[in-house]
Structures are given as structure tokens and as C-alpha cells.
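All values derive from a computational prediction rather than experimental measurement.
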Amino acid sequence: MTGNNTNNADTSNENKSLARQYPTERASYIADPSTQDAKQLQVHHATESLAVEAAIALVINGIHYAVLMASPSDLKYLALGFLYSEGLIQHSGELLDWKITQLTPESNLTAFIDQRFDQSRTLQVLEQQLQDYEAYIVDLTLSQRRHQQIQFQRRQLSGRTGCGMCGMTGLSQALPDLSAYRRDGPTCRKPQLDTLLDIRNQIANAQQTHQLTGAVHAAATLYRGQLKLFEDVGRHNALDKLIGWQLRHKLQLELVVMTSRLSIELVQKAIRCRLPWLVGISAPTSTAVKVAQRYGLGLAGFLRENRVTFYTN
């Protein structure tokens, strides 16, 4: 699989900061021992970092397929992981090429307008929206066989932060059949508590954008003793980025740690990429545990300073 780097945005996006500086006014009460008042209002002006949230439009072989609200980094991994975890491709070789373009009010927007809609009206609205939103087009080229299959299941998806299923139409899409990914044998052995605690500590030190903003999730794994971590405003996007990186480099991973709760869409993605263990810093949902047990995914949560809770195996 090769990437199309003819557009300058392809290379600049990878180094783009996930945080922006904004002026703020912080109001708080403080104790004032010199007066009889129990508290005194204090106002502090400062510049703080806020997490960037951008609209990422995925166009597959010319078809406007999905819009994800995500952090604008590692977009090629995000796209690859999304395609795979959504069941649109079976391996990374089916993604033949990609091109990433950042849209601005000064961009030539005509080429990105969906031909099904009124172009002049859409163009006018888009120019106005780009005054407020950051937006990127990820133009993907899949193999002809995959392209034909996607045409049968074409849908429009409008994702919101923290919700991996927003915009899905039909229970058959929200509740996919994962029987092809079931593990017949025993689940991979449980990860050691010391290993999990070590990963948690490394995540805390490496999650730079979260340290700045307090507003992003991470998906992380250990590969050859080194922590590999992806951050995003959406936990499902962070996992897709890690899955995309795994597919791109054709790696087998033992576990992934998420800095979030473990909801059903994360479990579905983990099962599809045949991940042995998915671990969360917060709790899983009951549906996540039930599906993980059914399909042989190791699931653990509440990874805290000195403990973890195993829910399967």
C-alpha cells in the first residue's frame, strides 16, 4: 500500500498539533483569613490549550461514505483502521492509495462536493462552515472488488465525539455478525498485573495532548518493549488509529489499553482485528462483556494504580 504525498497537507497533517491556544478567564473562590468572609472571588486570565476536533470526511473510490469527528493526526491510520474495523476491507493491501487534504475557505471546494446534491448551494454552505470548523478530506482508493461490495452497503455516517455508532441506520449495521471472528480455542493467557500497571504508568507519561487539554483518549500497546500510543478526542478513533498502524505494519499484538470505558463498539473493533486482550482504565458495559465472552476476547477494566478487574477468561 502506498500513500499519495503529492498534496502538501499529507505531510503537514502528521506533524499538526492536536491542541490550540485560547485565552480564558478562570473564576474561583479562595479562603481569605484576613477578613470575616469565608471566601473571596479570584479571577485569573491565562492562555490554555484546548483539544482540536475536526471533521474528517472519508471518500471511498469517489463515494462520500462517512464523516468522523476526530483529532487531525495519523489520518491514514485512522482511515485504514476504520475501514477494517467496519468490515469494509479484509487486509491492508485492499487500500491501494490515499490522499489527505485540509479544507479552508480558500480551498477549491468544487472537487469535493458530492454530485448528488445541489453544488452551488452546498458550496455556499460549506464555505460558511469552514469559518468555524476544521475539515479534512481523506480520499481513499480501494480495490475494485471491495468497491463493488461497498456500493451494496453504502451509507452515510455522521459521527459525534464519544459515540462510535452515531448515524448508523438499521439494527443489522449496529449489531453486526461477528461469528467469522470467533476464537474456537482458549483465550490468550491473562496479562500480568505488573505488565498492565507498567503500561498504565507509561501512558500517563506519554499522553502529551491529554496532559495539555484533559480532553482526549488514548489507545496504547507494547511492541518489542516500546509503548505505541495514539490519541484522539474519540476513544473509538484512537483505537482505529492503533488498528490502522497494526495493519500497516502487519503486526500481531497481545493487548491494547484504552484510557476510557469499554463500550460495545470498542469490543467489536477488537474482535474484528483478532486482538487477544482489550483493557480499559474505566469499566466495561454489560453488553461489551457479553459479546467479548461470546467471541473469545479477553476483557479487563478498572486498571488503576494497583489493581485490575478481569471480566472474561
Side-chain angles (χ1 to χ4, degrees), residues 7-27 44-60 62-79 81-82 98-140 155-169 208-218 230-238 240-241 260 265:
N7 191 297
N8 290 335
D10 286 342
T11 55
S12 63
N13 286 347
E14 297 308 310
N15 300 320
K16 196 174 184 64
S17 173
L18 299 185
R20 300 281 187 276
Q21 296 290 314
Y22 285 88
T24 64
E25 178 182 286
R26 180 183 300 170
H44 178 67
H45 292 86
T47 300
E48 295 190 2
S49 298
L50 301 181
V52 177
E53 184 178 26
I56 315 298
L58 302 184
V59 180
I60 303 175
I63 297 175
H64 290 250
Y65 185 82
V67 177
L68 309 176
M69 297 306 298
S71 301
S73 70
D74 298 300
L75 295 185
K76 64 177 183 294
Y77 290 146
L78 173 62
F82 177 85
W98 69 82
K99 181 179 180 180
I100 302 170
T101 304
Q102 181 178 6
L103 299 185
T104 68
E106 294 75 31
S107 299
N108 179 9
L109 303 177
T110 305
F112 303 108
I113 301 298
D114 194 323
Q115 300 297 321
R116 297 175 300 156
F117 302 105
D118 179 15
Q119 291 193 40
S120 60
R121 174 60 179 161
T122 304
L123 189 63
Q124 181 182 6
V125 171
L126 186 56
E127 288 175 342
Q128 289 182 322
Q129 292 171 329
L130 288 176
Q131 302 289 339
D132 300 320
Y133 295 93
E134 291 195 26
Y136 296 79
I137 298 289
V138 183
D139 202 349
L140 305 167
R155 64 185 169 135
Q156 290 296 315
L157 175 71
S158 180
R160 294 183 302 177
T161 303
C163 181
M165 287 187 175
C166 296
M168 285 185 130
T169 57
Q208 299 177 355
T209 305
H210 185 71
Q211 292 171 2
L212 286 173
T213 67
V216 298
H217 290 294
F230 293 91
E231 290 185 294
D232 200 280
V233 290
R235 62 189 184 276
H236 50 287
N237 295 330
D240 275 341
K241 289 177 179 179
S260 66
E265 79 274 16

Query raised in the report: Among all residues two or more places apart in sequence or in another chain, which pass the side-chain contact (heavy atoms from CB on, under 4.5 Å) test with Ala79?
Result: Leu58, Val138, Leu140

**Report entry** side-chain contact (heavy atoms from CB on, under 4.5 Å) partners of Gln208, counting only residues at least two apart
**Finding:** none

For [X], what residues pass the side chain to side chain donor-acceptor pair (under 3.5 Å) criterion, not counting sequence neighbours?
X: Ser260; answer: none
X: Ser49; answer: Gln21
X: Glu48; answer: Arg26
X: Gln131; answer: none

Find out whether [X] and [Y] are in side-chain contact, i.e. whether some heavy atom of one side chain is under 4.5 Å from a heavy atom of the other.
X: Leu78; Y: Lys241; answer: yes
X: Pro72; Y: Val52; answer: yes
X: Thr101; Y: Asp139; answer: no

Kindly give the heavy-atom pair with the smallest separation between [X] and [Y], and that separation in Å.
X: Leu50; Y: Thr213; answer: C-CG2, 3.5 Å
X: Val233; Y: Ala51; answer: CG1-CB, 4.0 Å
X: Phe82; Y: Ala66; answer: CZ-CB, 4.1 Å
X: Ala135; Y: Leu130; answer: CB-CD2, 3.6 Å
X: Ala19; Y: Leu212; answer: CB-CD1, 4.5 Å

Query - Glu231 (side chain) donor-acceptor with Val216 (main chain) under 3.5 angstrom - result: no

